[in-house]
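Please see the structure below; I have some questions.
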Amino acid sequence: MRIVLCGFGVVGQSLVKLFDSRSEDLYVKYGLKPRIVGVVDSKGSAVDPSGLEFNKLVEVKKKFGTVKNYANTKNAMSGIDILKNIEADVLIETTASNYKDAEPGMTHITTAMKKGLHVISVNKGPLALAFPSLMELATYNQVMLKFSGTVGGGTPILDYAKNSLSGERITAFSGILNGTTNYILSNMSTGLSFDEALKDAKDRGYVEADESLDLDGLDAAAKLVILANWIMGMKVTMPDINCTGIRKVSTEDIKKAAKNNCSVKLIASCNKELVVGPKEVSNDDPLCVNGTLNAIAFTSEHSGTQTIIGRGAGGMETASSILRDLLDIRQEIAKT
Ligand code: HSE
């Protein structure tokens, strides 16, 4: 399987490490032989149609901060150049999510699909801004667009709702989809102020480079868009979400909730309306998880409410979701 990897941050590097450590078992168990023919990061790229060496990629990135030193090529190709000129089967898009124009991920994804590549995206931006049209483009070009890692990281939230509950009619869902704000709110319930809890979350490296994505609810809203489209068959994008973040949650709000045996959580919900906002949740509710955990409760017509809990972020966790998507693609291709 020839892969172009766009974005080589924590997730991209974790994926390459995963390929390296699992190469034998992936081949023996699943017949999967990932061959990375191009990698792009923010400073340059590395290309080899016969396959880049996994451990060398990681070492070069660690040493120079970019993959462009992988070989002595003068004119590094851009992601678009690679997608247009190098033969490949799958694009794995891991560049940072942005909710203004979704670039550069959007152009990577559309270019790849138009050229007939299957796409795995853990970048939420393009899906949050254009889910319906990207799905149409995938269908039109007869390619698969997979995005397991966009919601719940390594916790298979999308697969659970789509496949494990298949045949059921999910009527509503709600959940904690952002680990950083959950960490901050959990710490505020132990007495820390918002600023102290935010600083602690930053010190631990949890907060996105653009803190607004976490604090103003944009990350949770993007995940809600993806769930609403994929699970509920809606055709919605970011502007359809009624979104409030956690900046205005005070210590008083947290204390008031505690008196009612509740905690304040940033809840993303789909129940007639699509809403992200702080809400009191009973401490006895399975949804009421603490720290960086994510949790989501699906309510379906005949099976009642089921809650999934798990880690919603992390390099290796998200890399494992990419591997899951890759194996699905491998299986689908093998059928044809
Ligand atoms: N900033 C996100 C979170 C990372 O805190 O959950 C995963 O999307």
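All ligand and atom numbering here is 1-based and tracks the order in the structure.
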Arg247, CZ atom: more than 12 neighbouring heavy atoms under 6.0 Å: yes
Separation between NE2 of His118 and CG of Asn141, rounded to the nearest 0.5 Å: 11.0 Å
Considering all heavy atoms, the nearest Thr318-Ala313 contact: OG1-C, 4.2 Å
Whether Thr94 side chain and Cys6 backbone form a donor-acceptor pair below 3.5 Å: yes
cation_pi(Lys17, Phe54) dist<6.0 Å, angle<=45: no
Are there any protein N or O atoms under 3.5 Å from the N or O atoms of ligand 1? List them with distances, or say none.
from: ligand 1; atom 1: 1 (N); to: Glu208; atom 2: OE2; distance (Å): 2.7
from: ligand 1; atom 1: 1 (N); to: Asp214; atom 2: OD1; distance (Å): 2.7
from: ligand 1; atom 1: 5 (O); to: Asn178; atom 2: ND2; distance (Å): 3.4
from: ligand 1; atom 1: 5 (O); to: Gly179; atom 2: N; distance (Å): 3.4
from: ligand 1; atom 1: 5 (O); to: Thr180; atom 2: N; distance (Å): 2.9
from: ligand 1; atom 1: 5 (O); to: Thr180; atom 2: OG1; distance (Å): 2.6
from: ligand 1; atom 1: 6 (O); to: Gly179; atom 2: N; distance (Å): 2.8
from: ligand 1; atom 1: 8 (O); to: Lys124; atom 2: NZ; distance (Å): 3.0
from: ligand 1; atom 1: 8 (O); to: Asp219; atom 2: OD1; distance (Å): 3.4
from: ligand 1; atom 1: 8 (O); to: Lys223; atom 2: NZ; distance (Å): 2.9

Charged N-O contact under 4.0 Å between Asp328 and Arg324: no
